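What you are looking at is a predicted structure, and each value in this text was computed from that prediction instead of being measured. In what follows, every chain begins at residue 1, and chains take the letters A, B, ... in the order their sequences are listed.
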Amino acid sequence: MGEVIVITSGKGGVGKTTTTANLGTGLAALGNKVVLIDTDIGLRNLDVVMGLENRIVYDLVDVTQGHCRLRQALIKDKRFDGLFLLPAAQTKDKTAVSTDDMKKLCNELKEEFDYVLVDCPAGIEQGFKNAIAGAERALIVTTPEVSAVRDADRIVGLLEANGLRGPKLIINRIRPDMVKRGDMMNIEDMLDILAIELMGVVPEDEYIVVSTNKGEPAVLDMNSRAGQAYRNIAKRVTGEVVSLINLEYDEGLLNKLKRLLGL
Amino acid sequence: MIDFLKSVLGREAPSSKNMAKERLRLVLVHDRASVSPHLLENLKEDLIRVISNYMEIDQNALEVQLNREDDSVALVANIPIIKMKRTYQDAKV
Ligand SMILES: Nc1ncnc2c1ncn2[C@@H]1O[C@H](COP(=O)(O)OP(=O)(O)O)[C@@H](O)[C@H]1O
Ligand SMILES: [Mg+2]
C-alpha cells in the first residue's frame with residue numbers, strides 16, 4: 001500500500017509543479033513506482049515540465065466522469081518504467097471533479113503505486129480541496145518572500161482543519177548571496193515563523209528553466225544544484241536521513257574568498 | 001551577533017529580511033485568528049470561567065477582539081461587570 005502526498009502552497013508560481021515533477025522523477029529513479037496527478041484543471045502544466053505533453057489522450061476528468069478507465073489515462077514516462085502521469089483536463093471547469101472523486105481515485109492508485117504525488121493548484125478553493133482530499137501527507141512549498149510565507153502559514157492552518165497534520169516545508173528559490181547580506185529570510189527564519197518541520201531547501205537555479213525548456217526534470221542532471229537538492233528531498237521522503245548539503249548553501253569559492261578577505 | 005555588530009557600527013541600514021520577519025509576525029497574528037474562529041471563542045469561554053471567580057459578568061455582552069497598531073497587536077476585551085464578589089470562590093465546574 002502506497003502513500004498519497006499533496007504538494008501545495010497557497011500562492012502560485014512558487015514551485016509546486018517543479019517540485020512534483022522533480023520529486024516524482026527522483027522517487028522513480030530510486031526504484032519506486034510513482035504516479036503524478038495534475039489537479040490544476042484548466043491550467044495544465046505538469047505534462048510539459050515532464051516532457052509528456054504529446055502523449056496525452058485522456059485526462060483526470062475523463063477518469064472521474066467515466067469516459068475511460070483509469071489505466072487508459074495514465075501516461076508512462078519516457079525515462080522510467082515505474083513513473084506515470086495523470087494529466088489535468090484543459091477544457092473542463094474546476095467543478096468537474098469532487099472531493100469524493102479524488103478520495104476514490106487516490107485510494108485506487110495507492111493500491112498499485114508506492115507514491116501518489118498530487119500537484120495542487122494555487123488558491124484555497126475547490127481545486128485545493130480536491131487536491132488534499134485523498135492525501136495523507138502534505139509538502140508545503142514556499143519561497144523566502146513575505147507573501148509566499150504568509151500563504152504557506154494559511155495553508156498549514158487549513159490542512160490542520162482538514163485533519164492533515166504534520167506538513168513539511170520545502171523552501172524553494174533561496175539565494176545564498178541575498179541571505180548572506182541580510183536581504184532574504186534564511187531557513188531558520190522561516191522555520192521559526194511557520195513552526196513546521198523542514199523537508200528540504202532548493203536553491204535558485206537557472207538550470208530549472210533550462211530543464212523546463214527541454215522537458216527533462218533537473219533532478220536527473222548531476223550538475224544542477226537544484227537537482228541535487230531534489231535528489232536529497234526524494235531520499236528524505238522515503239524516510240532516509242540526509243543532512244542539508246553545503247551545496248544548498250554554497251556561496252561559491254570566489255565569494256567565500258572575498259568575504260574572508262573582507263572585500 | 002554579526003548582524004548586531006553591523007548595526008552597532010552603523011555599516012548597514014536594518015536589513016530587509018528583518019523587516020520581512022517583523023511584518024510577517026504581525027500579519028500572522030490576524031491570519032491565524034481568522035483561520036481558526038474557534039480560537040477566539042474558546043478564549044472567551046476560558047475568560048468567562050476565570051473572571052467569574054472574582055466577579056459576576058454579563059456574558060452575552062462580552063467582546064474580545066484583536067486590535068492592530070503600527071507595530072503591535074493587542075488583545076482587547078470588553079467585559080461588563082454586573083457585580084463584584086466579596087471573596088474569591090472556586091468556579092463551579
Ligand atoms: N529553484 C528554482 N530556480 C529557478 N527557477 C525556478 C525554481 N523553481 C521554480 N522556478 C520557476 O518558477 C516558475 C514557477 O514554477 P512552478 O513550479 O510552475 O510553480 P507553481 O506550480 O507553484 O505555480 C517556473 O517558471 C519555474 O521554472
Ligand atoms: Mg503549478
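Annotation: side chain of Lys21(B) is not in contact with side chain of Val146(A) (no heavy-atom distance under 4.5 Å). You'll find the side chain of Lys17(B) reaches within 4.5 Å of the side chain of Asp189(A), heavy atoms only.
Atom-to-atom distance recorded for Leu24(B):CG and Met185(A):CE is 5.0 Å, nearest 0.5 angstrom.
In this structure, the portion of Met184(A) lying under 4.5 Å from any heavy atom of chain B is its backbone and not its side chain. Only the backbone of Leu194(A) comes within less than 4.5 Å of a heavy atom of chain B; no side-chain atom from C-beta onward does.
Other residues, nucleotides and ligands place more than 12 heavy atoms under 6.0 Å from the NZ atom of Lys110(A). Counting heavy atoms of neighbouring residues, nucleotides and ligands inside a 6.0 Å radius, atom CE of Met19(B) does not exceed 12 of them.
Residues Ser15(B) and Gly182(A) come closest through the heavy atom pair CB-O, 3.0 Å.
A salt bridge links Arg150(A) to Asp31(B): one of the charged nitrogens lies within less than 4.0 Å of a carboxylate oxygen.
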